[in-house]
Amino acid sequence: MDYNFREIEQKWQRYWTGNKTYKVEIDPSKPKFYVLDMFPYPSGAGLHVGHPLGYIASDIYSRYKRLQGFNVLHPMGYDAYGLPAEQYAIQTGQHPAVTTQKNITRYREQLDKIGFSYDWDREIRTCDPDYYKWTQWAFIKMFEHYYNNVTNKAEPIAELVKIFETSGTKNLDAACTEELNFSAEEWIAKSEKEQQEILLNYRIAYLADLKVNWCPALGTVLANDEVSEGLSIRGGHPVEQKVMRQWSLRVSAYAQRLLDGLDKIDWSESLKETQRNWIGRSEGAEMKFETKSGVSFEVFTTRPDTIFGVTFMVLAPESELVDDCTTPEQADAVKKYIEATKKRTERERMIDREVTGVFSGSYAINPVTGTEIPIWISDYVLAGYGTGAIMAVPAHDSRDYAFAKHFNLPIIPLIEGADISEESFDAKEGIMINSGFLNGLSVPEAIAKAKEHIEEKGIGKVRVNYRLRDAIFSRQRYWGEPFPVYYKNGMPYVLDESKLPLELPEVDKYLPTETGEPPLGRANDWETDDGYKLELNTMPGFAGSSAYYLRYMDPKNDTALVSKEANAYWQDVDLYVGGTEHATGHLIYSRFWNKFLFDLGFVVKDEPFKKLINQGMIQGRSNFVYRIQGTNTFVSLNLKDQYDVTPIHVDVNIVTNDILDIEKFRNWNPEYKTAEFILEDGKYVCGWAIEKMSKSMFNVVNPDDIIDNYGADTLRLYEMFLGPLEQSKPWDTNGIDGVNRFLKRLWGLFFDGDKLNISNEKPTADELKTLHKTIKKVSYDIENFSYNTSVSAFMICLNELYETKCNKKAILEPLSIILAPFAPHIAEEMYHLLGNTNSVCDAQWPQHKEEYLQESSVTYPISFNGKVRFTLEMPTDMSKEDVEKTALVNEQTAKYLKGKTPKKVIVVPGKIVNIVFAP
RNA sequence: GCUCGGGUGGUGGAACGGUAGACACGAAGGACUUAAAAUCCUUUGGCCCUUUAUCGGCUGUGCGGGUUCAAGUCCCGCUCCGAGCACCA
């Protein structure tokens, strides 16, 4: 009987849906396991063959865990807010909700065909008011809390107000935008508006005037992780710096905890490294400098040991100190310079790194040496990092070096033997010279000693700095969560929780208003019941994805994000599968969000994702045809060198094994209707290349087409068979016949002609060995996410069973169970053919038995000086001495020894024999 | 520049320090067939020598060294490719 995948797959997909096979509930009698995929943004293009890779991998793991007796939570949903739907809405007037719904429907159809074990009753969509109610709720909580650096957690703003009322800022150590100082009396004397303004300085969700990444083309502000090299990640539009009053989340308060948490979770080293980079912790000292005229300012340095080599200071052009330090004589020059730097965009600054700067006219005094040093202004110092001012040590910092050379400033070497005639010596090694009390110390010793000295003398303090910035949380867009915020007297207040969700209003156009307000400015009656104006910005894309994994635990709850009970049971995500592109965005924000909720006692775990696997990218494999210049004649690959040709991308879907379907090619594009061909062996052979999978390369492969031709089980197996999960690899449909053949042959074992033919005979030792070897290998491979090798193991197993056309139930039944995670449809059918009436999903994962794997003899490779020459079969339990003896007396040994005497014989029992002799 | 990955046949890729190339694709040959498709069988890293045949030899995992009885695997140096970070003081 033929393997009719279409019939089998439809039948079981219907059965699973009808029987709610994948529905999951809290079950205290079973251990839980939570497997999560990064939910997709439903784009208009639908899924291509690269998207399901991670989903298949996680599905295999889910099914495996379930077979092992775990209660597995494996949900799916949609990250439904996003720019593309809104851009499309702007162009067509179509409401983004409509496009989004359409795309979701399409995604769901595609996902359903692949046979995933999702519990769709738990589906969430970030644009659904029942869902974003909890995004707004979390925002309110962040508004109502501040970060206490002493207890190291978020605490209610009400507590902070109490502190202000009793002692002002005296003993306060809290995360804030800028350090403030006031007494309790001063606080009490302030107006409500002033107090609110001060509280914003401490709230975890706060409104402040910040330098932001403004993207004019998208008409919105972007977070740091949404910008790369001065361009927006989405769309690649230029981004400029602008000061705007924006909502931000005080992620920086959690920098140290985000860093420490990395040591406790099982993520790939590269991903952790990316996050460590992004958090950018640096330990150093903050030192106080004063000018002769009494202006005092602080600099941050990681190299306090180089204090004796400071030959000038530099301020960022944006620094508030610029005005204080500029002397009347220099005022014009400084003004000119500041204006010039303002004009430069971030991108220009990055591309064109020429050394620029201007002298301020004043001098600072080195607090350690007492020498006078000039203060300069230059845009190589960033306002946003440290204090916006640096002490320059040209001998040992390449940027300072370039500046010093350019402006002819002195360079004092501080490390013995360092050659600084051509470039600075930046390494933290060597012995200090020219450094007073630090002379003779190694750099690390000097750093420690200098820090001590600075603290002792009260010149500064030891400090830790982070590169991680607060997350800008406002977007001047329509298609996002509205803020639960209204304005009274110009100050923001949050809505009462009972008013949630605050639903996204309708607007006539998805564009800014004539006065430049965000699109929500077009909504009618966008105000509270009391007539206060509501916030016009919406939340960014990462808002909805920051806590979605919690919502899946309890998706229908309308009184809490997640009930205590559900959270206590499901705890955290045991396995999270997704791409690396979220390393500095979603994966930082959701860890922050989770830690915040943890501080408030809403969740039991302070890290949300215990283990994380990054699936590699599926690259495209493009095909080319070669057109002879100036003609409509195409020449086959191996003849193309005889002509002057242009390679042209051709749709991979009309090419099979690199042979072009000429008819389809002529119909593909009217331009080629009359094309002529120069063939080799009657065929047109195409060239190929590995490129990104994209429409413009005509190399996009749609999973629907694969499923139509081969079935979902073949697609699943083949995606896994392509190579290691975490590695990027090209998709080449050519190889798919191999796994399809495997399934057909496996199917064939069950039938004799058209008749089902299963034997109840006892299996042979060989058959049991094959089975148990496979169980062992596949179990090990699944645990290690080595799915490509488990598919190979299945193939080897079948090849062995095929020798005897094994149709014994005792073998095929366990085999159908271990195959079920990979190819659930055919496995379910096989399981039922064998007489079972329940779902294979509820079977038990078989245990391999070592006794079946025992061999009575081993084939020993016999090597001479490491070179294998022949093999000898010997009993497994033969002693080391006997193995050595047997090998030495063998007649072939004499031949390879060529009369020499063995110096040494290495015997590794069960592995190898190596005979060493002087050649 | 710094930090992570990674270089193995025509292709995707296997290989606890122990017979490199499992498994699969492709290719070649054969069987079946009027023919094709499908299916099945054999061969398949390269180079030699073969006529004793599937017997044998040399060589081979980016390059150069080293450790070891034994190295794709460990160590040192280099090189190329990919990713992340980058005037972050």
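Predicted, not measured: the structure shown is a model, and the values here were computed from it.
- Residue A/His396 contributes atom NE2, which lies 23 Å from atom P of B/C87 at whole-angstrom precision.
- Between A/Glu283 and A/Arg463 there is no salt bridge, since none of the side-chain N atoms of the basic residue sits less than 4.0 Å from a carboxylate O of the acidic one.
- Minimum interatomic distance between A/Thr311 and A/Pro374 (heavy atoms only, all atoms of both residues): O-CD, 3.4 Å.
- No cation-pi contact links A/Arg716 to A/Phe822, judged by a cut-off of 6.0 Å to the six-membered ring centre and 45° from its axis.
- Residue A/Lys867 places at least one side-chain N or O under 4.0 Å from the OP1 or OP2 atom of B/U59.
- Among the heavy atoms of the strands lying under 4.0 Å from A/Ile390 is at least one base atom, whether or not backbone atoms are also near.
- Qualifying salt bridge (charged side-chain N to carboxylate O under 4.0 Å, His left out) partners for A/Asp2, counting only residues two or more places apart in sequence or in other chains: none.
- Between A/Asp658 and A/Arg621 there is a salt bridge, since at least one side-chain N of the basic residue sits less than 4.0 Å from a carboxylate O of the acidic one.
- Phosphate contact (OP1/OP2 of B/C69, side-chain N/O of A/Lys904, threshold under 4.0 Å): present.
- Note: A/Phe750 and A/Trp747 have parallel aromatic rings, judged against thresholds of 30 and 60 degrees for the angle between ring planes.
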(request) Give the B/S/- string for nucleotides 15-28 of chain B, one per nucleotide from 5' to 3', where a protein heavy atom under 4.0 Å of the base yields B, of only the sugar-phosphate yields S, and otherwise -. (result) -B-BB--BBSSS--
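- Shown here, B/G9 is classed syn by the O4'-C1'-N9-C4 or O4'-C1'-N1-C2 angle, which is within 90° of 0.
- When the shell of 6.0 Å around CE of A/Met878 is examined, it contains more than 12 heavy atoms from other residues, nucleotides or ligands.
- Looking at A/Arg276 and A/Asp263, a side-chain N of the basic residue comes within less than 4.0 Å of a carboxylate O on the acidic one, giving a salt bridge.
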Find every protein N or O atom lying less than 3.5 Å from an N or O atom of nucleotides 49-56 of chain B, and list the pairs.
none

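- Partners of A/Glu855 by salt bridge (charged side-chain N to carboxylate O under 4.0 Å, His left out), not counting sequence neighbours, listed by chain and number: A/Lys769.
- Helical stems in RNA chain B, defined as runs of 3 or more consecutive Watson-Crick or G-U wobble pairs with both donor-acceptor distances under 3.5 Å, are listed by first residue as B:1-7 with B:79-85, B:10-12 with B:23-25, B:26-31 with B:39-44, B:45-48 with B:56-59, B:62-66 with B:74-78.
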Protein-nucleic acid N or O pairs under 3.5 Å, nucleotides 80-86 of chain B:
from, atom 1, to, atom 2, distance (Å)
B/A86, OP1, A/Arg467, NH1, 2.6

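- Here A/Gln727 does not reach the OP1 or OP2 of B/G5: none of its side-chain N or O atoms lies under 4.0 Å away.
- For the pair A/Asn366 (side chain) and A/Val368 (backbone), a donor-acceptor distance under 3.5 Å is present.
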